[in-house]
Amino acid sequence: MIEEIFSFPATMIWPLAACLVLTGIHVYLGVHVIARKVIFVDLALAQIAALGTVTGVLLGYEAGKDVTALYLYSLAFTFFGAFIFSITRMRGEKVPHEAIIGIVYAVTFAATILVLSRSALGPQELDHIIKGDLLWVQSHVVIKTALIYAAVGLFHFAFRKNFMAISFDVRGAEASGIRVRLWDFLFYMSFGFVITSSVAIAGVFLVFSYLVIPSVAAMLLAEKISTRLALGWIGSSIISFIGVKLSWTTGLPTSPLIVVLFAAALLLTGVFRYMKLAPRKLTALRNMAGAVAVVGLFVGGLFFFRSPEEDPLSHTLHMLGSPLSTDRQAALSNLKTYGDRDSLWLPAVLKLLGDRDAAVRIDAVNLLGEMKKKSALPAVLGLLDDGSDEVVLSVLKAAQVLGDSADASRLLVRAAAVEDPEMKTEILDAALAMGNPGAVTGLLQVASSGGVFADDAMDALKRHIKIAPGFDRPGTFGAWWNEHRARIRRDPASGMFAIAG
């Protein structure tokens, strides 16, 4: 039983190691952050680091390739943020420092969105910034990050008196001659080293949780700094282990799961402190029972007023009308399981043949071909003049499933109007595959042109026509075809054209 609890697959060892590395430095920094009352400095510096990364990408560096350059961009932006935070700390705090930090975060987040709007990364990179890449973290990244954190830890240990003074007794620090702004800058600069590395691994919200929640929980249980650190390290390590283990066994995403576990642990810590310090235990128990009842009523009310469960097909049909193309594509994929209820979904799918997104049009055509909806062929063939070559190719594939030789006449008409020899060959190849010998003339013209696609056209003829030996070149095939055309028939079994008898 114990072996099962502590067993991990190899793929989860490094995510767990990353969590433990994050625990070591963030719990310590969290003690300073809470003492300074700058709770959201982590989010602000993380966003500044992200702005540095996307700016580097916009200036020509590639994500995943120019890793060092982008890291330096991110670090440079973080150092600049450290400078801003160090010079905006006011004596007497007429304007709370947290307000300045919040403004910087909002402005930086907006600037990140503006930069991403000019970049190919777009929302994918923003999603990565929030969620991180914890599950796929590699060993060398964890080791490098641990070394960076160790260097930051040694730096703080060497100058611990100055850092503790400016965090816990800034007036005393000024009176003793400590240059507060300089050490503020050094604190935020070292903080920036940590944030630049940790956000890339775990994302903004998990890093924020490691920084703040263990320190807050420890503050509820102890007064001494050393005790708070010990409780924070132990608690974070246990929660990290449980979170990674549950993520492995349940399939839930690791980072959000650990954040929720941190919140649950903080709630239990608060309850423990309340019960421990309550002068009247029975009154405290009654209050706790009332709180539980309120929570129960809230949760029960949510379920009581929930919307009735929708029929899966009805839900899929609603998704076909979603403004998101990804939803429409997912709905088209789901419809494959409802072939016997096509009367309900076929009109909606036919409507999607005119969708503004080419990927949706392709999926709609592919679905109709896969489900063999012959009644949809006229609408499908209407996309032969679509502006997307990929859509046209999907139409040709579906037409070979849904149509016959007579339907292929639409393809011949379209091929005659197409100037691109590659697309002309594709269309005529499909028409010949559908059994219409009228495509031979057009394919022979392309094959005889001597252009880049001449061989492709000749290959198409060979795929569908059993040509006599010695007549498989453009110069000889035309004469052979004209001589034997009246006797050439299509074998229904093989689909090949050959001389009858």
Side-chain angles (χ1 to χ4, degrees), residues 1-27 30 42-43 46 50 123-139 141-142 145 195 197-217 232-271 292 295-296 298-303 306-307 309-310 312 315-316 319 322 324 326-327 329-331 333-334:
M1 181 67 178
I2 295 178
E3 290 181 357
E4 291 183 1
I5 293 175
F6 288 96
S7 65
F8 274 93
T11 55
M12 301 301 285
I13 293 297
W14 290 110
L16 176 61
C19 290
L20 297 178
V21 169
L22 292 173
T23 292
I25 192 68
H26 281 81
V27 170
D42 167 58
L43 291 176
Q124 296 177 348
E125 180 62 23
L126 190 61
D127 185 66
H128 175 75
I129 290 167
I130 294 172
K131 296 179 181 178
D133 205 15
L134 183 60
L135 270 184
W136 310 110
V137 66
Q138 298 178 349
S139 57
V141 174
V142 177
T145 304
I195 293 302
S197 301
S198 58
V199 168
I201 295 174
V204 171
F205 293 130
L206 181 56
V207 169
F208 177 79
S209 298
Y210 271 112
L211 183 76
V212 175
I213 296 179
S215 298
V216 170
W233 283 327
I234 294 170
S236 292
S237 298
I238 293 172
I239 289 174
S240 297
F241 180 87
I242 295 173
V244 174
K245 181 71 175 181
L246 286 177
S247 176
W248 173 48
T249 55
T250 64
L252 293 171
T254 308
S255 294
L257 180 57
I258 294 176
V259 172
V260 171
L261 289 175
F262 269 128
L266 180 60
L267 178 63
L268 292 175
T269 303
V271 171
V292 171
V295 173
F298 174 74
V299 175
L302 292 177
F303 281 94
R306 71 184 185 277
S307 175
E309 186 174 354
E310 190 177 28
H315 175 68
T316 300
M319 288 179 64
S322 169
L324 297 176
T326 52
D327 285 347
Q329 288 180 271
S333 179
N334 291 341

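Index from 1, following the sequence.
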Work out which heavy atom in [X] is nearest to a heavy atom in [Y]; give both atom names and the distance.
X	Y	answer
S255	L206	OG-CD2, 3.5 Å
P214	V27	CB-CG2, 4.0 Å
A217	T269	O-CG2, 3.5 Å
A265	I239	CB-CD1, 3.4 Å
I213	A263	CD1-N, 4.3 Å
T145	S197	CG2-CB, 4.0 Å

Identify, with sequence neighbours excluded, every residue that meets side chain to side chain donor-acceptor pair (under 3.5 Å) alongside S333.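 With neighbours one apart ignored, the set is empty.
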Under the rule for side chain to side chain donor-acceptor pair (under 3.5 Å), what residues qualify as partners of T254, not counting sequence neighbours?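 S247.
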Within the 4.5 Å heavy-atom criterion, are L252 and L246 side-chain neighbours or not?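 No, their side chains stay 4.5 Å or more apart.
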Decide yes or no for V244 and C19: does some side-chain heavy atom of the first lie under 4.5 Å from some side-chain heavy atom of the second? yes
Any sub-3.5 Å donor-acceptor pair from W14's side-chain atoms to V142's backbone N or O?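 Checking the backbone N and O of V142 against the side chain of W14, no donor-acceptor pair under 3.5 Å is found.
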Distance check, rounded to the nearest 0.5 Å: [X] atom [atom1] versus [Y] atom [atom2]?
X	Y	atom1	atom2	value
L261	L266	CG	CG	12.5 Å
L22	S209	CG	OG	11.0 Å
T250	K245	OG1	NZ	11.5 Å
D327	N334	CG	CG	10.5 Å
S139	I13	OG	CD1	12.0 Å
I242	F262	CD1	CZ	10.5 Å

For residues Y210 and S198, is any side-chain donor paired with an opposing acceptor at under 3.5 Å?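 S198 and Y210 do not have a side-chain donor-acceptor pair below 3.5 Å.
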